[in-house]
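Remarks on the structure that follows.
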Amino acid sequence: MTIWGGAAHRGYSVVVFVILASLDNVAIGLVPPLYGSIATTFDVSEAKVALATTAMFLISAVASVAWAYAGDRTNRKPVLLAGTMIWVIGTAWSGLSGSYPEFLLAQVVAAIGLGGVASVSFSVVSDLISPRRRGLAMSFWGLSQGVGTLAGTMLGGLLGHDDWRRPFLAVSAAGVVAAAAYLLTYDVPRGDSQPELAGIEYDERIHRDDLPKILGRRTNVWLILQGFSAQIALGSLVWLPVLFRSRAEAQGYSAGTAVLVGSVFATLFQIGGALSILGGLIGDRLQRRTPRGRALVAAVGVLAAVPFYVVLFFVPMRIAVPDGAGAGTVLRAVLAEVVTEPTVGACLATAVFALALTSANSPNWFAMIADVNPPEHRGTVYSLGNLVNGVGRASGNALVGAAFRSLACGFPPPLNYAVGLAGFQLFFVPTGIMYWLASRTVAQDMADTHAALLAARASATESTQT
């Protein structure tokens with residue numbers, strides 16, 4: 001294992017962790033734009049293929065708790081490498097599957113590995129970044145996951161519009177390369193970035209009886225629970241490619257072109273997530289004024305985004321691309337539409353603003369987990385939040401599909417998709433309320449954690465002197 005930890009090596013390590021976090025979300029994002037193609041190959045309904053996405057959300061979330069506990073208990077580097085190789089194998093197997101049951105099983109294997117990457121890498125990254133810049137740094141780490149989901153959507157449409165197996169094999173090959181790069185990363189000591197622990201060796205590990213302590217920090221409870229409602233709303237957004245595909249089909253485009261159009265538009269409309277960097281910066285700045293800063297930024301962001309999402313799904317959009325053309329031609333035509341077609345430009349502006357507001361949630365959530373928990377608890381707390389997130393996201397993905405089918409009785413496609421997606425964004429309201437509640441407890445929890453780390457420092461110093 002590589003132990004040298006100079007500035008260049010640490011920077012390289014952060015880049016590799018960002019890439020790993022991105023790639024696992026690429027793997028998750030591949031399937032939704034290919035629901036129709038995979039369903040046709042295996043002669044099943046799109047709802048059955050969507051079950052694979054739901055299963056991935058749930059299984060990866062459950063698996064992340066075990067992975068995170070192992071990472072908080074032992075050396076994190078081999079744990080993260082094992083998770084990476086498992087999802088690579090599952091993703092490659094998905095692309096080689098010969099039947100629907102085999103495809104579903106391969107997705108389950110991939111999901112087990114994916115659960116380990118996010119939870120363990122979060123713990124490592126939090127130890128690489130000082131508290132003062134956590135919001136900004138975590139915005140890049142969180143952004144990499146959003147970019148990964150977008151890249152998965154794009155790759156699914158561009159590489160898979162005529163052969164759905166191709167993107168799975170391409171992503172698994174990229175995962176092998178990333179795993180090789182990971183072998184050279186810095187093996188980060190636990191608590192390495194905590195000012196209270198500077199100059200001492202901190203080797204605390206999580207214990208089985210620590211769960212009451214974790215849940216005794218009231219801020220953790222709100223940070224964990226908010227993900228259920230937030231992810232119901234966000235989980236519904238994996239159907240964005242389907243909404244835009246349906247709009248294209250309603251305007252007379254062939255199935256292949258409609259899949260391309262849906263993937264490209266869904267990707268373009270989510271670029272506002274890049275503004276999570278701004279949310280992280282604002283959170284860092286406000287946090288220096290008040291311990292409630294990060295929580296308040298997250299609360300305002302998710303609540304203010306709701307009306308913009310609702311508008312996005314109903315703004316009329318006229319699509320004009322060459323039917324039956326190749327992926328590159330369709331992509332160039334869509335990009336030109338952003339400038340030349342006012343309805344497309346209006347949709348894009350609305351989407352960017354909505355996602356910019358929502359994205360304030362992510363970096364501040366990551367940073368608050370690190371702020372209120374000692375290093376040996378962070379991976380596990382993140383995984384508990386990720387478990388609730390996974391249940392919420394899987395629920396959103398499953399329920400919105402049922403909602404679309406029910407709404408189709410009164411609203412023909414694509415209107416049923418627009419109505420269903422708009423309704424599901426109301427789940428952001430309880431999320432905003434829980435962030436506000438977290439803002440009322442975060443100061444005390446931060447103070448308690450700070451005191452515990454200072455006590456650990458004093459104990460280590462005393463042991464060294466004696």
Side-chain angles (χ1 to χ4, degrees), residues 68 72 118-119 121-143 145 191 193-196 213-231 234 276-303 357-389 392 428 430-453:
D72 283 342
S119 57
S121 64
F122 170 80
S123 175
V124 176
V125 171
S126 70
D127 282 334
L128 277 167
I129 307 301
S130 68
R132 183 177 177 82
R133 294 295 182 189
R134 263 187 194 136
L136 176 60
M138 289 301 183
S139 70
F140 283 105
W141 190 74
L143 178 60
Q145 299 180 53
S193 66
Q194 277 308 129
E196 301 93 335
K213 298 178 184 177
I214 288 172
L215 298 181
R217 301 181 194 110
R218 187 62 60 84
T219 306
N220 281 339
V221 174
W222 299 125
L223 291 179
I224 291 169
L225 292 180
Q226 63 78 33
F228 180 74
S229 55
Q231 293 297 328
L234 292 171
S276 64
I277 296 171
L278 183 59
L281 279 170
I282 295 172
D284 280 344
R285 176 164 292 188
L286 193 57
Q287 188 73 14
R288 295 179 199 128
R289 298 184 179 182
T290 170
R292 302 180 68 189
R294 301 193 202 282
L296 291 175
V297 170
V300 171
V302 295
L303 290 173
L357 289 167
T358 306
S359 66
N361 169 3
S362 175
N364 290 293
W365 184 71
F366 295 140
M368 279 189 286
I369 289 176
D371 286 342
V372 302
N373 291 284
E376 69 273 17
H377 289 172
R378 290 172 186 165
T380 299
V381 175
Y382 173 88
S383 71
L384 291 172
N386 199 42
L387 174 60
V388 174
N389 287 356
F428 277 128
T431 296
I433 293 171
M434 281 186 271
Y435 270 121
W436 178 78
L437 291 171
S439 77
R440 302 181 64 187
T441 60
V442 68
Q444 185 61 54
D445 288 336
M446 286 179 64
D448 292 345
T449 298
H450 175 73
L453 293 177

Among all residues two or more places apart in sequence or in another chain, which pass the salt bridge (charged side-chain N to carboxylate O under 4.0 Å, His left out) test with Asp371?
-> Arg134, Arg294
Counting N and O atoms only, with roles assigned by atom type, does the side chain of Ser123 sit under 3.5 Å from a partner on the main chain of Arg378, one being a donor and the other an acceptor?
-> no
Is a side-chain N or O of Ser359 found less than 3.5 angstrom from the main chain of Ser276, in a donor-acceptor match?
-> yes
Close side-chain approach of Leu303 to Tyr435, heavy-atom, < 4.5 Å = no
What one should report as the nearest heavy-atom pair of Pro291 and Val442 is O-CG1, 3.1 Å
Beyond-backbone contact of Phe228 with Thr431, side-chain heavy atoms, under 4.5 angstrom | no
Can Tyr382 and Asn373 be counted as having a side-chain donor-acceptor contact under 3.5 angstrom?
-> no
Ignoring hydrogens and angles, tell me if any N or O in the side chain of Asp72 forms a donor-acceptor pair with the backbone of Thr380 under 3.5 Å.
-> yes
Side-chain (Asp127) to main-chain (Pro375) donor-acceptor, under 3.5 angstrom = no
Exceeds 12 heavy-atom contacts within 6.0 angstrom, atom CZ of Arg289 = no
Mark yes or no for whether Asp445, through its side chain, and Thr219, through its backbone, hold a donor-acceptor pair below 3.5 Å.
-> yes
Thr441 side chain to Ala438 backbone, donor-acceptor under 3.5 Å = yes
Indicate yes or no for a side-chain donor-acceptor contact from Asn389 to the backbone of Gln231 under 3.5 Å, with no hydrogens or angles considered.
-> no
Counting only N and O atoms by type, is there a donor-acceptor contact under 3.5 Å from the side chain of Gln226 to the main-chain atoms of Leu223?
-> yes
Evaluate the criterion side chain to side chain contact (heavy atoms under 4.5 Å, CB included) for residue pair Met138 and Trp365; output intermediate values, then yes/no.
-> CA-CA 9 Å; Met138 289 301 183; Trp365 184 71; over 6 Å; no
Smallest separation among heavy atoms of Ile224 and Val381, with atom names | CG1-O, 4.4 Å
Run the numbers on Arg217 and Thr449 for side chain to side chain contact (heavy atoms under 4.5 Å, CB included), then give the verdict.
-> CA-CA 9 Å; Arg217 301 181 194 110; Thr449 298; 4.1 Å; yes
